[in-house]
Amino acid sequence: MQKSRSQKSRRRENTSAQIPARYGLRPPPGAGKRGEEGHIAYLLRQAQAAARLTLERTLTDLGVTPPQFAVLTMLNAYPGLSGADVARVALLTPQTVGVIVGNLERDGAIKKTPHPVHGRVLQWTLTRRGSNLLDKCRHRVAAVERRLVAGLGAKAEATVRRWLSKIAVDLQEKG
């Protein structure tokens, strides 16, 4: 038995009516599948995208992108890394790091030196200018991070940090 056009239209209307009218067709972050009902991996991605956008806006007038901030941070923590190692610890592609270190070197924020044993390997370190730039970035990023942990006590924040670190370790090990 074939359904008439009006029956098909009513069925489509009923499906559309199930979406809450206050959200329109797309619920905001925190609602429905974009909230506590959502898949955990999606929620992590949504949170990361919101954090990255906020960082971009926070750092833009310093002329620094979030990936550049990550590179500066990792070189401050681990001076003398090669470009390949920077890519690994900053979670960026080698190609992206190549562009970033070129720009940071041009701006005088980092410098390269040949590895003492493997002369073809270049090691990157922050310059005084790079350290000053990183300090300015950190001040702004600290404000964003305060927003991220607002409402969490010290124990809860430590739990979140452990949980996020554990995810990275576990998924990397188990692929």
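You'll find the side chain of Val141 reaches within 4.5 Å of the side chain of Leu59, heavy atoms only. Leu75 has its side chain within reach of Val86: a pair of non-hydrogen atoms, C-beta onward, lies under 4.5 Å apart. Counting only heavy atoms from C-beta outward, the side chains of Val89 and Leu81 approach each other to under 4.5 Å. Side-chain contact check for Arg57 versus Thr54: every heavy-atom pair is 4.5 Å or farther apart. The shortest side-chain heavy-atom distance between Ile167 and Leu44 falls under the 4.5 Å cut-off. Looking at heavy atoms from C-beta onward, Cys137 lies in side-chain contact with Leu62 at the 4.5 angstrom threshold. Annotation: side chain of Arg52 is in contact with side chain of Pro67 (closest heavy-atom distance under 4.5 Å).
Scanning all heavy atoms of the two residues, the minimum distance from Pro66 to Leu55 falls at CG-CB, 4.0 Å. Summarising the geometry of Ser82 relative to Val121, their closest heavy-atom pair is CB-CG1, 3.8 Å, with the distance given to 0.1 Å. Contact between Gln68 and Ile100 at its shortest, heavy atoms only, is CG-CG2, 3.8 Å. Thr125 and Pro79 get closest at one heavy-atom pair: CG2-CB, 4.1 Å. Shortest non-hydrogen contact noted between Pro116 and Gln123 is CD-OE1, 3.5 Å. Here the closest heavy-atom approach between residue Leu72 and residue Ala109 is recorded as CD2-CB, 4.4 Å.
Residue His115 places its NE2 atom among more than 12 non-hydrogen atoms of other residues, nucleotides or ligands, all under 6.0 Å distant. The number of heavy-atom neighbours closer than 6.0 Å to CD of Glu36, taken from other residues, nucleotides and ligands shown, is 12 or below. The local environment of CZ in Arg128 is sparse, with at most 12 non-hydrogen atoms from other residues, nucleotides or ligands closer than 6.0 Å.
Side-chain contact check for Asn132 and Arg129: no donor-acceptor pair (N or O, by modelled atom type) lies under 3.5 Å. Between the side chains of Arg162 and Thr159, a donor-acceptor pair is found at a separation under 3.5 Å.
Tracing side-chain contacts under 4.5 Å through hydrophobic residues (I, L, V, M, F, W, Y), one reaches Val144 starting from Val64; they form part of the same cluster. Leu171 and Leu91 are members of different hydrophobic clusters when ILVMFWY side chains are connected at heavy-atom separations under 4.5 Å. Criterion: ILVMFWY side-chain heavy atoms under 4.5 Å apart, direct or through other members. Under it, Trp163 and Val149 are part of a common hydrophobic cluster.
Pairs passing the ring-ring contact (aromatic ring centres under 6.0 Å, His included) check and including a residue from residues 29-83, sequence neighbours excluded, do not occur.
Here the CG-CZ distance, from Leu152 to Arg146, works out to 14.5 Å after rounding to the nearest 0.5 Å. Residue Glu145 holds its CD atom at 15.0 Å from CZ of Arg140, rounded to the nearest 0.5 Å. We find the CD-CG distance between Glu157 and Leu148 to be 9.5 Å, quoted to the nearest 0.5 Å.
When atom types are taken as modelled, the side chain of Thr127 and the backbone of Lys111 share no donor-acceptor pair closer than 3.5 angstrom. Put simply, the side chain of Thr96 never gets that close to the backbone of Leu92: no donor and acceptor are under 3.5 Å apart.
Between Asp61 and Lys136, none of the side-chain N atoms (NZ, or NE/NH1/NH2) sits under 4.0 Å from a carboxylate O, so this pair counts as no salt bridge.
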task: Dump the intermediate steps for side-chain contact (heavy atoms from CB on, under 4.5 Å) on Val97 and Arg88, then the final yes or no.
output: CA-CA 10 Å; Val97 168; Arg88 287 183 198 100; over 6 Å; no

field: side-chain contact (heavy atoms from CB on, under 4.5 Å) between Leu122 and Thr113, intermediate numbers included
entry: CA-CA 6 Å; Leu122 299 176; Thr113 55; over 6 Å; no

